[in-house]
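For reference, the structure is listed below as structure tokens.
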2 protein chains.
Amino acid sequence: MNSSDNNNLSEAQNELYIWIKNYMKDFHHSPSIRQMMQAMGLKSPAPIQSRLKHLQQKGFISWQEGKARTLQIVDEVLGGVPIMGSVAAGGLIETFSDVNEELDISEVLKKKDIFALTVNGDSMIDACIAHGDMVLMEPIKDAYSLRNGTIVSAMVPGLGTTLKYFFKRENKIFLEAANPAYEPIELNLEDVVFQGRLLAVWRKV
Amino acid sequence: MNSSDNNNLSEAQNELYIWIKNYMKDFHHSPSIRQMMQAMGLKSPAPIQSRLKHLQQKGFISWQEGKARTLQIVDEVLGGVPIMGSVAAGGLIETFSDVNEELDISEVLKKKDIFALTVNGDSMIDACIAHGDMVLMEPIKDAYSLRNGTIVSAMVPGLGTTLKYFFKRENKIFLEAANPAYEPIELNLEDVVFQGRLLAVWRKV
DNA sequence: TGTATTAGAGTACATTTGTTTTAATTGTGA
DNA sequence: TCACAATTAAAACAAATGTACTCTAATACA
């Protein structure tokens, strides 16, 4: 959802919506109604109120009544990047479709208490997690609910913090690398402190 | 930079700074001075003004004078995730250090005109880009400045859009996969349209 | 101890800003 | 053309809000 149709927005509503998104991208705070008025070339706040109301009814924006500059873009707080389509990384043939989705990184970022770790080494290389990658982790509340195959960061006394596949078999914990060069680590549940569960991988080139 | 020392901030300043960051994470707009006043348990706006001034002088925040709720966190607009340390993904031993950095995803997201593509297939698997990953791309202004080894998305007539390593040798363009199962594609410069240069990889699990 | 510095309370004020209301204007369809 | 609806202008209002100022209390320091 970006520029062209935007569902069932009128021309004026869409223009305002786009302007607001750009303003908030630039200044990181909501514009005031009178600013929008000026930007739209209007001479009274009423039309803006009307358009805002419509945008709200259609679920595009929301704000706190009576409070200044509390507008926010619904469900796309920030970090929305337009997804232009998909690329073949094989032999598939595909063309750029129009923009139909948005990559919402903030959906993950919004979670509370998440943290990031720098990956050191290549033991997870077969899971496509390379040396230097950043992994976004979510704290693990109870280790009992961990499912086999989950990638976790765990603190193994004497071994340090490590990123591995988690498996549980017969009250034994196995931490397995995604690289045949590394042997699985076998542990008792009480010997390991799980720090986080893998949410996402971020690699900046 | 997160909770503990925060450079040379006083206790009160740091408390306010943390509170503001959390407020803005929750509501996606700046709090008002009187809200901060309440939150800090104060009964007059003056102390908040003072603390804000200090925070500004030390470069933590900024705002537009006279405008309501225009506060912003400097240089960490959003998307800052604390980096808790690094994990061994090999045999390395490393412990959680304290938080000393922040993963600033927004640094990439702030760039204008970037777009995302969904990866389809496994031809870039040796570059640790897997099927289903999202790749963040930056538009390519001029193809002449592309350096060998850059990962690009290119539109090859009759073949579609594809993600490959870029190489140029003797006025010929080679698009090579990171997977020995795929043959390099040889092209003339005029036969290919480069769409983007790889900025980052995002994988949500 | 006494003084200087800082932080906070209390108050007041001007501006910004959301909201309401009414009238004028424009557009649309019968 | 006429009536009806939607849009806009204009003005006014009240609440929210940033800012400035004075006075008091706490703190630090010599």
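To find a chain, count down the sequence lines: A is the first, B the second, and so on, and within it residues start at 1. Predicted, not measured: the structure shown is a model, and the values here were computed from it.
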What contact category does Glu65(B) fall into here, base, sugar-phosphate, or nothing, at under 4.0 angstrom with non-hydrogen atoms?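 Here Glu65(B) touches the backbone only, sparing every base.
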Which part of the nucleic acid, if any, lies within reach of Ala46(B) when heavy atoms closer than 4.0 Å are counted: base, sugar-phosphate only, or nothing?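 Base, at least one base heavy atom under 4.0 Å.
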Tell me: [atom1] of [X] to [atom2] of [N], nearest whole Å?
X        : N       : atom1 : atom2 : value
Gln64(B) : dT19(D) : CD    : P     : 11 Å
Lys43(B) : dA9(C)  : NZ    : C1'   : 9 Å
Gln49(B) : dA12(C) : CD    : C1'   : 12 Å
Lys67(B) : dA16(D) : NZ    : C1'   : 15 Å
Glu11(A) : dG27(C) : CD    : P     : 15 Å

More than 12 non-hydrogen atoms from neighbouring residues, nucleotides or ligands closer than 6.0 Å to [atom1] on [X], yes or no?
X         : atom1 : answer
Glu65(A)  : CD    : no
Lys43(A)  : NZ    : no
Glu186(B) : CD    : yes

Hey, is Glu138(B) close enough to Arg197(B) for a salt bridge, meaning N to O under 4.0 Å?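 Yes, Glu138(B) and Arg197(B) are salt-bridged.
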Let me confirm one number: the CZ-NZ distance from Phe27(B) to Lys67(A), rounded to the nearest 0.5 Å.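 Result: 9.5 Å between the selected atoms.
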For Ala12(B) and Pro45(B), take the nucleotide of DNA chain C holding the closest heavy atom to each; which residue's nucleotide lies nearer the 5' end?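 By nearest-heavy-atom nucleotide position, the 5'-most residue is Ala12(B).
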Is there a donor-acceptor contact under 3.5 Å linking the side chains of Asn188(B) and Lys172(B)?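 Yes, because at least one side-chain N or O of Asn188(B) sits under 3.5 Å from a partner of the opposite role on Lys172(B).
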Closest non-hydrogen atom pair between [X] and [Y], with its separation:
X         : Y         : result
Tyr182(A) : Ala177(A) : CB-CB, 3.6 Å
Phe167(B) : Gly149(B) : CE2-N, 3.6 Å
Val119(A) : His131(A) : O-ND1, 3.7 Å

Under 3.5 Å, which N/O atoms of the protein pair with N/O atoms of nucleotides 4-7 of chain C?
none

Positions of residues 31-42 of chain A (non-hydrogen atom under 4.0 Å from DNA chain C), listed by number: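 Under 4.0 Å from DNA chain C: Ser32(A), Ile33(A), Arg34(A).
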Between dT17(D), dT17(C), dG10(C), which nucleotide has the shortest distance from any of its atoms to the side chain of Arg69(A)? dT17(C)
Verify the contact: side-chain N or O of Trp63(A) to OP1 or OP2 of dT17(C), cut-off strictly under 4.0 Å; return yes or no. no
